[in-house]
Every structure is written in structure tokens, then in C-alpha cells.
Amino acid sequence: MYEMKDEYLTGIESIDNEHRVLFEIAEETYQLRNNQFIPDKYDNLRVLLHKLKDYTIMHFDNEEKYMESINYKKMFTQKIEHQEFREKLESYDIDGIDEDTNYVIDDILDYLTKWLVEHIVENDKRIAE
Ligand SMILES: [Fe+2]
Ligand SMILES: [Fe+2]
């Protein structure tokens with residue numbers, strides 16, 4: 001469902017590797033959420049969602065450090081987008097997720113991956129230009 005594609009590559013290895021990990025965690029979460037044979041999976045799902053959130057925030061920090069290191073001209077626009085998304089991630093009550101709020105998982109995965117793809121294609125790919 002969620003995977004890194006060639007068209008998302010920025011050409012900056014460290015950034016591409018982190019984007020790949022983000023898609024992997026999203027996919028792992030999606031697979032677990034849809035697995036009907038695992039009882040009590042919500043503890044693990046909450047762990048994965050925290051991992052996804054923490055990794056995304058760490059990635060933004062790393063990417064911003066990289067942009068600073070090369071004096072990237074459009075860094076400010078990127079930082080604003082990252083900040084808006086950080087706030088969106090902070091707004092989810094991950095610890096409150098259980099089977100009754102399954103839809104929150106879908107919302108996070110759907111929103112995160114769509115945002116990520118769009119942001120990578122529209123913004124991150126330009127960093128190396
Ligand atoms: Fe970015
Ligand atoms: Fe990125």
C-alpha cells in the first residue's frame with residue numbers, strides 16, 4: 001500500500017533513506033491495522049504510530065539541518081510546511097486509540113502519506129536542484 005517510489009527520490013541519500021523508513025513504518029502500521037488474526041494489536045499499533053510521529057519529526061529536524069548546511073534558499077517555506085505538519089501530528093491523541101477509534105489510524109496514515117508524497121515531490125526534490 002505505502003512504499004517508496006523512484007519518483008520520490010531527491011538524490012540526497014540521507015534524506016531518501018529517511019523517506020524510505022517513513023513509508024516502511026506507515027506500511028507496517030497499515031498491515032497490522034488490517035490483520036484480523038492478531039488479538040490485542042492496539043498496544044503495538046500505538047507504539048508504531050508514536051514511532052511514525054517521532055521519526056517524522058526527527059526527519060524534519062535532519063532535513064532542516066541539511067538545508068541550513070547548504071544555505072538552501074527556500075528553506076523558510078520548507079520550515080513553515082514542516083511546522084504545520086508537526087502541529088497536525090501533535091494534535092492526534094495516539095494514546096487514546098483503540099478498536100473503537102480505528103478510523104484515527106486510517107486518518108493518520110492517509111493524511112501522512114498523502115502529505116509526504118506531495119511534500120517530497122513539490123519541495124524536497126528541489127533541495128538538490
Ligand atoms: Fe521537507
Ligand atoms: Fe522530507
Side-chain angles (χ1 to χ4, degrees):
M1 177 76 176
Y2 303 115
E3 59 169 348
M4 180 76 179
K5 295 183 180 141
D6 283 351
E7 65 217 68
Y8 306 156
L9 291 171
T10 65
I12 303 157
E13 208 186 339
S14 60
I15 291 179
D16 289 334
N17 287 339
E18 290 183 2
H19 288 161
R20 184 171 291 112
V21 172
L22 282 170
F23 284 107
E24 280 168 5
I25 305 170
E27 179 63 19
E28 202 186 335
T29 310
Y30 176 80
Q31 294 296 341
L32 181 61
R33 178 239 181 276
N34 288 295
N35 191 322
Q36 286 157 13
F37 303 104
I38 301 177
D40 303 328
K41 60 188 177 185
Y42 286 88
D43 283 343
N44 287 334
L45 277 167
R46 285 189 292 267
V47 169
L48 278 172
L49 289 166
H50 275 297
K51 192 171 156 190
L52 191 58
K53 174 181 156 185
D54 294 346
Y55 197 90
T56 304
I57 291 171
M58 186 207 70
H59 166 66
F60 289 163
D61 292 344
N62 289 341
E63 210 177 78
E64 287 173 14
K65 275 186 211 130
Y66 178 81
M67 288 188 282
E68 274 163 26
S69 77
I70 60 161
N71 258 315
Y72 180 57
K73 280 193 221 91
K74 289 178 184 152
M75 181 170 63
F76 194 66
T77 319
Q78 276 261 12
K79 279 190 173 179
I80 291 170
E81 284 211 8
H82 288 172
Q83 188 50 31
E84 281 171 4
F85 197 69
R86 276 190 196 98
E87 282 163 23
K88 175 80 181 170
L89 284 171
E90 297 292 350
S91 75
Y92 287 113
D93 174 22
I94 291 174
D95 291 321
I97 291 172
D98 57 25
E99 52 215 299
D100 298 326
T101 52
N102 236 335
Y103 65 92
V104 181
I105 302 169
D106 297 338
D107 190 49
I108 295 175
L109 289 178
D110 199 54
Y111 189 87
L112 178 107
T113 49
K114 274 187 192 141
W115 187 91
L116 203 59
V117 166
E118 215 168 286
H119 178 81
I120 290 171
V121 174
E122 299 280 320
N123 299 272
D124 292 347
K125 278 182 88 168
R126 300 218 167 108
I127 300 173
E129 276 176 4

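In each ligand, atom 1 is the first atom listed, and ligand 1 is the first ligand listed. Numbers here are sequence positions counted from 1.
Between F85 and W115, the ring-plane angle classifies as parallel under the 30° and 60° cut-offs.
Not a single N/O/S atom of H119, whether from backbone or side chain, sits less than 2.8 Å from the Fe ion (ligand 2). In summary, N123 places no N/O/S atom under 2.8 Å from the Fe ion (ligand 1), failing the contact criterion.
Side-chain contact annotation: H82 with D61, donor-acceptor N/O pair under 3.5 Å absent. There is a side-chain donor-acceptor pair under 3.5 Å between N102 and Y42.
The angle subtended at the Fe ion (ligand 2) by NE2 of H19 and OD2 of D124 is 90°, given to the nearest 10°.
For the Fe ion (ligand 2), the nearest N, O or S atom contributed by E63 is named OE2. When the N, O or S atoms of H82 are ranked by distance to the Fe ion (ligand 1), NE2 comes first.
Remark: the backbone N or O of N35 is paired with a side-chain donor or acceptor of K41 at under 3.5 angstrom.
One finds the CG atom of L49 at 5.5 Å from the OG1 atom of T29 (value rounded to the nearest 0.5 Å).
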